[in-house]
**Q** 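Have a look at this one before I ask anything.
Letters A, B, ... are given to chains in the order of the sequence lines, protein chains preceding strands, and every chain is numbered from 1.
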Amino acid sequence: MQYCVGIDLGSTTTKAIVVDEQGKVLGRGITNSRSNYDAACAVAVSEALHDARFAQIAGELEGRGIDADRRAAWVLDLERGFREQQYRAQLAHLDGALQRALREHGRERGHEAELETALATILARMAAEPRELFAAGANRKSDFFRDLAGSRYTEHAGMLTRVKSETLSFDALVGLFDKAILDVEAKVAARSDFAEHAQRAAHELLERSRELEQAIERAAAVPMEEVSSVGTGYGRARLPFPRSRIRSEILCHGLGAHVMFPGTRTVLDIGGQDTKAIQIDAAGIVTSFQMNDRCAAGCGRYLGYIADEMNLGLHELGPMACKSTRAVRINSTCTVFAGAELRERLSLGERREDILAGLHRAIILRAMSLLSRSGGVRSEFTFTGGVARNLAAVGALRKLVHENYGEMTINISPESIYTGALGAALFACREWSHRELAA
Amino acid sequence: MTETLPALVQRATELSRDWRLSSVRAWKQRTGALAIGYLPVYVPREVFHAQGVLPVGLTGAGDDLEIIKGDAFYQSYICHLPRSTIELGLNGSLDCLDGIVFPATCDVIRNLSGVWRMQFPSKMSRYLDVPQDFDRAMGGVFYRHELEDIAREIHERGGRKLEAEALRASIRVYNENRTLVRELLTLRREAPWKLPTAELYVVLRAGLVLPVEEHSAMLRRYRDLAQADAERRPRDQARVVLTGSFCEQPPLGLIKTLERAGCYIVDDDFVPVLHWLRGDVCTEGDPLANLVTAFLEDSIDSPVRYCGDGTKGQELVQRVDESKAEGVLFCAPSFCDPALLDQPMAQAALDGRAIPWTSFKYSENTGQFHVIREQAGTFADSIKLWSEA
Amino acid sequence: MDVAGIDVGSSAVKVAVVRDTGAAGAELRLGVAERIRRRDPRKLAEELFNSTLADCGLVAGDLGYVATTGDAEELAFRTGHFYGMTTHARGAVFLDPEVRAVIDIGALHARGIRIDARAKVLGSRMTSQCASGSGQFLENICRYLGITLEAIGPLSLLATKPEKCSSICAVLAETDVINMVSRGVPTADIIKGIHESMAGRYLKLLTSLAFEGPALVTGGLASDVGLMNALREAAQAAGGRIEFRSHPRSVPAGAIGAALWGAFRARKLAMKGLALHAGGAA
Amino acid sequence: MSVSTKNPPLAATAKDDSQVRQKQMIAAHYARLARASESGEKNVYTFVPGNLTELLRSFDLLPVLPEINALQSGMRGKSAEYIALAEKLGHSEDVCTYVKCDIGMLKSGNVGPTGERLPSPDLLLLSYTGCFTFMKWFELLKQEYQCPVVMLHVPYQAEGRITDSMRAYVTAQIRQKLIPALEQVAGRKYDEDRLKECLARSAQAEEDLVWVLQSAKNRPSPIDAWFGAVYYVGPIFSAFRGTPEAVEYYRALRVEIQERLTKKLGPVTPDGMMTEEKYRLVIEGPPNWTSFREFWRMFAEEGAVAVASTYTKVGGMYDFGFRHDPERPLETMAEYCMGCYTNLDLSTRVGILTRYMQEYEADGLLVNSVKSCNSFSAGQLAMLREVESRTGRPVGFIESDLVDPRYFSASNIKNRLESFLQMIAQKRGGAA
Ligand SMILES: Nc1ncnc2c1ncn2[C@@H]1O[C@H](COP(=O)(O)OP(=O)(O)O)[C@@H](O)[C@H]1O
Ligand SMILES: Nc1ncnc2c1ncn2[C@@H]1O[C@H](COP(=O)(O)OP(=O)(O)O)[C@@H](O)[C@H]1O
Ligand code: SF4
Ligand code: SF4
Ligand code: SF4
């Protein structure tokens with residue numbers, strides 16, 4: 001099967017979308033690895049291809065007389081099992097990387113033996129967890145290995161060092177993890193273990209089925225051929241593509257939003273380090289845009305620091321902020337000081353959810369200014385980028401758009417983080433058809 | 001009149017942050033006359049008054065209003081005042097004004113006049129170019145033309161024709177107001193604990209929206225009440241002159257912070273339109289000529305007024321002496337070119353006399369005073385500890 | 001007379017106990033710092049205060065003055081409060097009488113203070129409300145790189161080819177750093193690069209104060225030998241007019257200064273016949 | 001207005017006659033200034049907008065333009081150091097960097113762009129036109145020099161026109177304040193005939209300059225009317241208007257451009273000649289001087305050429321017909337002062353930009369907003385929107401600074417510029 005791929009190499013996450021020659025979306029992939037651009041691209045693409053394979057599996061199961069709900073449940077369970085297998089495989093990498101880190105850096109800290117025992121304990125505890133972590137309905141902090149493993153690791157490390165020990169320090173243990181994870185991210189990259197993980201996952205399902213296993217085999221056997229690719233995003237100058245295959249984020253977001261919601265005239269994208277307000281016409285062509293200047297205040301990364309500070313997952317922030325009844329007014333939004341601001345407010349006795357609500361509102365207020373600068377909200381409006389996944393941010397945005405521009409259709413889709421990648425994929429698709437026509 | 005001191009201060013505080021101009025709306029409803037807004041730093045309000053117009057001083061929106069659309073008009077490196085002014089225009093708060101006058105204060109206000117015209121083409125909006133040549137034969141002639149021109153436009157828009165007798169009467173009313181303002185400023189110099197700046201500030205700012213007669217009444221009452229309050233006793237605080245805040249006004253919280261951090265502000269340049277002219281304007285003879293002459297020859301020193309003889313800073317030194325201040329706080333709006341470019345000259349003058357100073361910046365919506373508190377507190381500490389030692 | 005100073009910062013609490021011997025001067029009995037790490041700073045301050053007193057064999061009633069500085073104005077058991085630059089100046093002169101400037105580098109801000117021999121603050125400059133080049137930023141980066149605070153300094157000293165960080169914004173700089181990691185730039189060179197850019201800013205801050213004499217670095221980052229080294233190198237490159245010093249007790253300098261000013265006030269007030277007791281506000 | 005004598009940015013055209021000529025003119029001028037203390041020649045510091053060069057020249061006074069010195073410092077990589085020095089002396093980070101750069105240069109020995117010392121001023125002529133910062137600038141210089149200052153207050157064209165009162169005010173100041181001061185400094189009487197000769201020469205040079213700038217109406221444009229044109233306006237905006245050298249320079253320049261036009265050649269960029277003109281832009285705002293070549297290259301690489309710009313009108317608007325009129329010497333100078341671009345109200349500025357967009361068949365308007373300059377920057381965003389709605393063509397916005405390298409973020413600017421150009425392309429339906 002031939003496919004075109006669009007990659008949005010963001011500052012925080014890398015997103016990939018694969019489409020067929022008609023521009024139909026086959027699969028989506030995302031990773032938060034930031035340490036290595038090539039690896040990040042490779043991981044995102046392979047995740048997107050996995051996603052495409054699951055769609056194929058679902059397709060293979062169709063028309064075989066299996067009840068639709070049951071089919072859907074199979075695929076869902078299969079995916080969950082697949083993630084668990086991936087997680088296990090990565091844990092194994094982590095183990096190796098931790099040992100290496102210990103050898104390299106443990107000595108300078110002394111107490112290698114004690115650290116080694118502690119590591120063994122932590123890893124053993126972590127190895128026992130995946131089943132539970134990936135159980136249906138389980139509340140995971142994140143789907144990214146770095147976050148997930150990181151939070152489990154710190155928790156176990158915290159428990160081990162709670163008993164006051166002269167020699168075993170929490171910081172040393174965490175330091176080892178922070179070293180090792182870089183290694184894992186760089187290495188894990190693109191090996192496609194799809195069939196292996198999927199079959200193993202299928203074996204572990206409660207309800208085993210021959211049909212499913214065959215579907216996996218068939219789907220895994222379909223050859224996938226990349227015919228065209230376009231990259232965009234913050235890191236686009238470093239993408240492993242020629243210049244001609246790189247498009248500005250503005251155009252990609254504009255086109256992506258247009259395809260998702262054809263009535264869109266205004267697009268707001270809040271990513272990790274930048275915010276863009278884009279106006280497009282009826283054909284998805286950009287007519288004007290504004291971006292934040294060199295200050296990253298009020299972007300998604302801000303929420304990242306807040307989440308770290310509160311030891312929460314990113315997706316937990318929004319719901320907590322939504323519980324607020326009275327948002328605290330926040331003035332400074334220097335991203336790096338987010339944690340300090342939070343601490344200060346807490347110590348002034350403000351309620352946590354009210355502070356959070358205030359922080360979200362502050363971010364959206366900044367975005368509102370950019371929006372206004374780009375020409376305001378004239379009619380249908382689409383909110384994209386990672387922060388669109390945050391309920392409290394969305395809530396604040398709805399309210400402010402309503403107050404300032406009146407009733408408007410506001411589109412927010414769970415896929416909105418992929419908007420830029422989608423636009424890029426469509427540019428890739430066009431580029432390919434031009435080539436085909438020319439040939 | 002039985003208004004108590006707290007009630008008066010409360011009323012003044014509300015007026016000082018009344019960016020919706022509800023008091024102006026009420027006044028217009030009562031009188032059916034015109035109200036015309038003006039930006040800092042100085043306009044001859046007597047002319048408006050003589051034409052039956054209420055002059056309304058605009059100083060942005062303070063720290064109450066979230067600026068959204070106004071930010072679309074101004075880059076991050078421009079002061080805050082124009083963006084809140086635009087925001088107020090766009091959200092309808094200034095609808096009750098029949099026009100706005102933009103005095104030649106700085107490039108930002110000058111260009112704001114152009115933005116305003118493009119944005120609100122149907123309203124009267126007028127740039128008032130003030131001379132930087134202070135010779136009656138040149139700057140004087142030009143300025144007189146400008147004033148006559150404005151008066152004509154106001155008349156065309158429904159204000160009374162400018163008549164000499166009415167203008168003389170208005171000058172008298174404003175002379176009285178200026179006398180009261182000067183009196184309060186002098187009283188504060190003598191006993192800053194009796195007239196804390198956080199109060200005086202809002203009482204003066206109320207004068208931007210109140211009819212001058214009402215404001216004079218408020219000033220009188222405030223003077224009597226504050227002086228009579230026996231609870232107000234001196235504390236161990238450092239006496240400082242605050243300078244740089246002549247245009248965009250600081251949030252009240254900033255002034256409170258400074259006083260709490262151990263400073264008595266004994267002189268400042270807030271709301272300069274109220275005391276721009278040092279003395280009374282002459283009420284004999286041609287009143288317009290008198291206003292022009294007063295502007296040319298009796299204006300206070302200000303960063304937006306040309307000082308060609310190299311004596312920049314001397315007036316500040318003199319203010320320090322007269323108010324027996326122990327130091328100077330340079331407190332200017334961020335990105336305010338006139339205020340900030342003036343500072344090195346003023347600082348050199350202070351250094352020449354070994355007068356201590358410190359400087360910081362604010363914007364009208366600054367909400368965190370942490371750093372400023374530390375800085376002002378340390379400044380006050382050092383004055384206190386060392387004057388004692 | 002024994003006096004205590006408490007300095008509550010945004011990332012650490014510092015407590016000092018000083019014995020004031022009147023004319024003979026003063027002697028530092030103990031100066032300690034404890035990182036806050038998500039605890040309630042006020043409670044922590046109280047705990048640290050109590051444990052420090054205990055380590056000195058004292059109880060609160062023994063103290064002639066409890067002085068606070070930093071964010072500790074509201075502590076109930078204080079006698080009086082002094083502002084941060086006043087106390088850092090005093091602490092610096094106590095630790096090193098030759099210095100004529102102090103640069104206090106903490107988690108959020110750096111401030112340069114010009115002083116005279118009597119610790120009088122003659123002028124000051126502060127970094128803006130932007131995190132670029134702050135301690136917090138360095139901390140974030142090191143967290144990412146997997147280096148503990150204590151390891152930062154020594155590691156920086158190992159650098160051979162420091163890599164410059166181009167962004168002004170700390171968040172964007174973080175991305176620069178991530179990129180450096182992916183290009184295989186050694187950690188030591190990255191850290192040193194950051195130290196150099198911080199040093200450049202601090203040097204500029206101090207230079208603008210136009211003072212004569214050595215400068216003492218106080219605050220948490222004084223214990224960062226890498227930054228100290230970068231500061232000295234930067235000063236050298238700029239003509240060597242500024243000599244940067246640090247002192248083993250640089251970190252609690254603010255608390256020490258507060259204690260000393262407390263002693264000063266206590267004596268003053270005693271002369272005026274006003275009795276004071278720790279625990280009550282002056 | 002800026003041939004860097006050490007490091008000519010236009011290597012490829014260094015042999016052009018006009019280029020050589022300009023270099024010589026500038027070098028000779030600075031050399032003359034450096035010798036001023038021996039030769040006894042007197043000089044006057046003044047500003048580019050509203051400069052009264054003809055009048056000074058008629059007194060044999062040499063003009064010195066601190067703005068030009070500042071931009072030269074920027075191009076020579078000296079500005080960071082100068083600005084740092086000024087900030088050390090108490091200037092705020094927030095204010096105009098031209099001022100700080102000049103103060104820094106002054107405090108570092110007042111060595112000008114050619115490496116020779118500049119003389120102290122014999123007079124500060126504060127032509128207060130279009131910018132309030134000028135006033136502060138010379139107040140600051142007044143603290144350094146014991147020389148007289150003349151304030152020439154030039155009223156603002158708030159209503160888009162010059163009234164009789166405004167004209168009378170400026171002429172009165174020239175006649176009653178400025179001329180007596182110049183007589184004092186120069187030690188000679190005002191000679192109106194000489195002034196008239198200078199003004200006639202100005203008009204001639206202005207005619208040729210306008211022709212050169214308007215050559216950009218052709219496709220391809222033979223010139224870059226922003227980056228390239230800052231060189232073209234140099235002599236006329238600075239020390240040379242009204243001199244025979246300036247007349248010759250513009251004559252020669254016109255011949256050269258005529259030749260490019262005949263051969264249908266594009267503009268010369270730092271990397272040689274532009275072969276394909278892909279985007280025609282109107283540009284509002286000054287350029288950045290610290291990364292001038294890098295900045296220009298970003299445009300050149302994309303095939304973007306400036307066909308008209310407002311910055312090249314700060315020293316006088318000539319393209320809508322104004323010429324110095326020797327028959328009304330003082331009035332014409334007054335009108336000239338009041339007609340500089342930054343002395344015009346915003347709707348007039350919008351009108352000019354809109355006309356440029358149409359007359360030069362531009363694909364879009366790009367604003368380079370510089371942090372330093374409120375005179376330009378405050379209100380640019382409103383202008384941008386207005387031009388967009390009047391022309392329906394794409395507009396773009398980038399931010400930098402004149403001479404403070406801290407505010408030139410190459411990657412940020414490149415990102416916005418590329419997005420803007422791709423937007424134009426997409427709109428044209430060209431590339432996808
Ligand atoms: N599941 C989630 N819930 C809430 N917020 C999220 C979630 N995932 C990502 N985000 C937010 O999105 C931001 C990253 O947005 P993204 O568009 O991926 O940025 P970039 O394109 O710059 O990489 C994060 O900083 C975070 O604030
Ligand atoms: N050994 C060290 N090396 C580098 N940085 C350090 C070290 N010790 C402390 N710090 C830094 O010092 C900062 C805290 O300094 P401190 O002056 O206590 O700040 P504050 O007063 O703001 O709490 C923290 O940001 C921390 O990163
Ligand atoms: S605050 Fe300063 S810069 Fe801003 S408008 Fe007022 S005078 Fe102008
Ligand atoms: S304020 Fe914060 S987010 Fe903005 S530039 Fe500075 S460090 Fe970056
Ligand atoms: S503000 Fe603008 S016009 Fe004025 S001196 Fe600075 S750069 Fe020149």
**Q** Among B:Gly308, B:Cys307, B:Gly114, which residue has the highest count of heavy-atom pairs closer than 4.5 Å to chain D?
**A**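 The answer is B:Cys307.
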**Q** Do B:Tyr306 and D:Leu126 have side chains that approach each other closer than 4.5 Å (heavy atoms only, starting at C-beta)?
**A**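 Contact flag for B:Tyr306/D:Leu126 side chains = yes.
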**Q** What distance do B:Ile109 atom CD1 and D:Asn374 atom CG have between them, rounded to the nearest 0.5 Å?
**A**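 B:Ile109 CD1 to D:Asn374 CG: 11.0 Å, rounded to 0.5 Å.
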**Q** Tell me, for D:Asp345 versus chain B, whether the close heavy atoms (under 4.5 Å) come from the side chain, the backbone, both or neither.
**A**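 Nothing of D:Asp345, per the 4.5 Å heavy-atom cut-off to chain B.
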**Q** For D:Arg349, is it the side chain, the backbone, both or neither that has a heavy atom under 4.5 Å from a heavy atom of chain B?
**A**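 Looking at D:Arg349, just its side chain touches chain B.
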**Q** Which atoms of D:Phe138 come close to chain B, meaning under 4.5 Å heavy atom to heavy atom: side chain ones, backbone ones, both, or neither?
**A**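 For D:Phe138, no heavy atom lies under 4.5 Å from chain B.
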**Q** Hey, which of B:Ser76, B:Cys79, B:Ala137, B:Pro303 has the most heavy atom pairs under 4.5 Å with chain D?
**A**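 Heavy-atom pairs under 4.5 Å are most numerous for B:Pro303.
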**Q** Rounded to the nearest 0.5 Å, what's the gap from CG on B:Asp133 to CD on D:Gln173? Could you check?
**A**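 Taking CG in B:Asp133 and CD in D:Gln173, the distance rounds to 4.5 Å.
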**Q** Would you call D:Glu159 and B:Arg117 a salt bridge, using N to O less than 4.0 angstrom?
**A**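 Between B:Arg117 and D:Glu159 there is a salt bridge, with a charged N closer than 4.0 Å to a carboxylate O.
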**Q** Among B:Pro131, B:Pro82, B:Ser334, single out the residue with the greatest number of heavy-atom pairs under 4.5 Å to chain D.
**A**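 It is B:Pro131.
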**Q** Looking only at heavy atoms, what is the nearest atom pair of B:Pro344 and D:Leu89, with distance?
**A**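 Between these two residues, the closest heavy atoms are CB-O, 4.4 Å.
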**Q** Chain D: which of B:Ile78, B:Asp135, B:Val130, B:Leu340 shares the most heavy-atom pairs with it under 4.5 Å?
**A**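 Most heavy-atom pairs under 4.5 Å with chain D: B:Leu340.
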**Q** For the atom pair CD (D:Gln143) and CE (B:Met345), what is the distance rounded to the nearest 0.5 Å?
**A**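 D:Gln143 atom CD to B:Met345 atom CE measures 6.0 Å (nearest 0.5 Å).
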**Q** Just checking, is any N or O donor in the side chain of D:Ser377 or B:Tyr77 under 3.5 Å from an acceptor N or O on the other one?
**A**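 No donor-acceptor contact under 3.5 Å links the two side chains.
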**Q** Examine B:Arg110 relative to D:Tyr156 and say whether NZ or CZ is less than 6.0 Å from the centre of the six-membered ring and inside a 45° cone about the ring axis.
**A**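 Yes, a cation-pi geometry holds between B:Arg110 and D:Tyr156.
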**Q** Are D:Lys142 and B:Lys312 side-chain neighbours, meaning at least one heavy-atom pair lies under 4.5 Å?
**A**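 Counting from C-beta outward, D:Lys142 and B:Lys312 never come under 4.5 Å.
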**Q** In terms of heavy-atom proximity below 4.5 Å to chain B, should D:Val99 be classed as side chain, backbone, both, or neither?
**A**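 For D:Val99, side-chain heavy atoms alone lie under 4.5 Å from chain B.
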**Q** Tell me which of these, B:Ile86, B:Asn111, B:Val108, B:Asp342, has more heavy-atom pairs under 4.5 Å with chain D than the rest.
**A**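 Option with the greatest count: B:Asn111.
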**Q** Would a 4.5 Å heavy-atom cut-off, applied to side chains only, mark D:His91 and B:Gln343 as touching?
**A**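 Not in contact.
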**Q** Using 4.0 Å as the upper bound for N to carboxylate O, is an ion pair formed by D:Lys136 and B:Asp337?
**A**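 Salt bridge between B:Asp337 and D:Lys136, a charged N being under 4.0 Å from a carboxylate O: no.
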**Q** So for D:Tyr407, is it side chain, backbone, both, or neither that comes closer than 4.5 Å to the heavy atoms of chain B?
**A**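 Neither part; nothing is under 4.5 Å.
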**Q** Does the side chain of D:Pro155 come within less than 4.5 Å of B:Phe142's, by heavy atoms?
**A**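 Yes; the side chains approach each other to less than 4.5 Å.
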**Q** Can you name the closest pair of heavy atoms from B:Lys361 and D:Ser92 and give their distance?
**A**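 Scanning both residues completely, I find the closest heavy atoms to be NZ-OG, 3.7 Å.
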**Q** Determine the option with the most heavy-atom pairs under 4.5 angstrom with chain D, choosing from B:Gly139, B:Ala332, B:Ser359.
**A**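 Counting heavy-atom pairs under 4.5 Å, the top option is B:Gly139.
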